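What you see is a predicted model; the values in this text were computed from it and never measured.
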Amino acid sequence: MLELVITLTAVAGGIGLVLLAAAMRVVKQYERGVLFRLGRITGEPRTPGLTLIVPFVDRLHKVNMQIVTLPIPAQEGITRDNVTVRVDAVVYFRVVDPTSALVRVEDYKFAVSQMAQTSLRSIIGKSDLDDLLSNREKLNEGLELMIDSPAVGWGVQIDRVEIKDVSLPDTMKRSMARQAEADRERRARIINADAELQASKKLAEAAQQMSDTPTALQLRLLQTVMAVSAEKNSTLVLPIPVELLHFLERGARDPAPSEESKKERAPEPAPPVEPVPLSGTPDLDSVTKTPELGALLDQPSTEVR
């Protein structure tokens with residue numbers, strides 16, 4: 001009889017230990033336990049630590065409360081300015097209500113993934129290419145709001161959304177490269193033109209100063225000669241003043257007359273003219289002695305009618 005009691009006690013103890021082991025659950029620090037008793041949620045979510053349930057009656061579902069990194073597959077779309085691009089992103093979210101995450105949606109991770117892909121395609125269609133490349137912070141905020149609106153009812157909170165990469169066609173890359181090169185060349189030309197303008201103003205001021213002080217021009221000439229000679233060159237170039245060139249050119253244009261040209265250009269002396277008597281009848285022979293009067297007298301008379 002005693003042996004039977006001992007046996008029954010051992011069997012009962014063993015069954016109790018088995019039931020106790022089946023009733024014991026451990027919830028980790030980053031998890032929360034949602035208890036279903038006969039298919040109904042019972043009480044608040046179980047906190048981390050050791051918890052007991054009714055074996056074969058209760059079911060404890062553990063929900064991870066850590067931040068989940070969910071990559072969004074690359075989505076291809078057409079931007080508002082008709083450019084085909086491929087954009088991929090990443091979503092950071094976490095569960096804030098484990099009960100809603102289990103009851104209101106079948107698979108909250110899959111639901112968030114599909115919502116993120118749909119929102120990303122919508123953002124691509126509403127944005128320009130320049131916004132996708134340079135204004136990503138604003139697009140990230142808009143994408144986060146689009147995903148977070150339905151996710152709130154699932155017990156999920158979207159912490160951050162980041163656009164990782166924007167893939168462009170090769171033709172668009174070449175066009176953008178040409179545009180960037182042209183813009184840089186334009187800025188370089190503007191800078192060079194501005195430098196030339198400033199240099200011309202300074203040179204004009206220097207020229208005015210040198211014209212007021214001719215000695216400054218001579219000093220500048222000496223400085224130039226010293227700078228050239230310091231390079232140990234075999235050829236030394238000396239600048240000639242412009243005034244000297246003008247003087248030489250004027251001298252070459254008007255040469256000085258020689259002695260022979262002076263003799264050739266000397267005027268011939270006029271023949272002497274004998275005086276004509278004023279009183280009485282003039283002597284015709286004396287009058288005709290002058291070559292001028294003789295020529296006049298020898299000319300035939302012209303009859304005027």
Could you walk me through whether I163 and N140 pass the side-chain contact (heavy atoms from CB on, under 4.5 Å) check? CA-CA 7 Å; I163 295 177; N140 292 338; 3.3 Å; yes
Would you give the length of the straight line joining atom CE of M24 to atom OG1 of T51, rounded to the nearest 0.5 angstrom? 10.0 Å
Donor-acceptor check, side chain of K62 to backbone of V26, threshold 3.5 angstrom: yes or no? yes
Considering only NZ, NE, NH1 and NH2 on the basic side and carboxylate oxygens on the acidic side, decide whether E185 and R189 come within less than 4.0 Å. yes
Answer yes or no: does atom CD of E44 have more than 12 heavy-atom neighbours from other residues, nucleotides or ligands under 6.0 Å? no
With a sphere of 6.0 Å drawn around CD1 of I78, does it hold more than 12 non-hydrogen atoms of other residues, nucleotides or ligands? no
Quick one: do D131 and K138 make a salt bridge, cutoff under 4.0 Å? no
Check whether any side-chain heavy atom of V68 lies under 4.5 Å from a side-chain heavy atom of V112, and answer yes or no. no
Is it true that a side-chain atom of N192 and a backbone atom of A188 form a donor plus acceptor pair closer than 3.5 Å? yes
Counting only heavy atoms not in Q223, do more than 12 fall under 6.0 Å of its CD? yes
Does atom NZ (K109) have a neighbourhood of more than 12 heavy atoms from anything else shown, all under 6.0 Å? no
Under 4.5 Å side-chain heavy-atom separation, chaining through any Ile, Leu, Val, Met, Phe, Trp or Tyr, what else clusters with L197? Say none if it is isolated. none
Salt bridge (Lys or Arg N to Asp or Glu O under 4.0 Å) between R187 and D183, intermediate numbers included: CA-CA 6 Å; R187 286 185 291 176; D183 183 66; 3.4 Å; yes
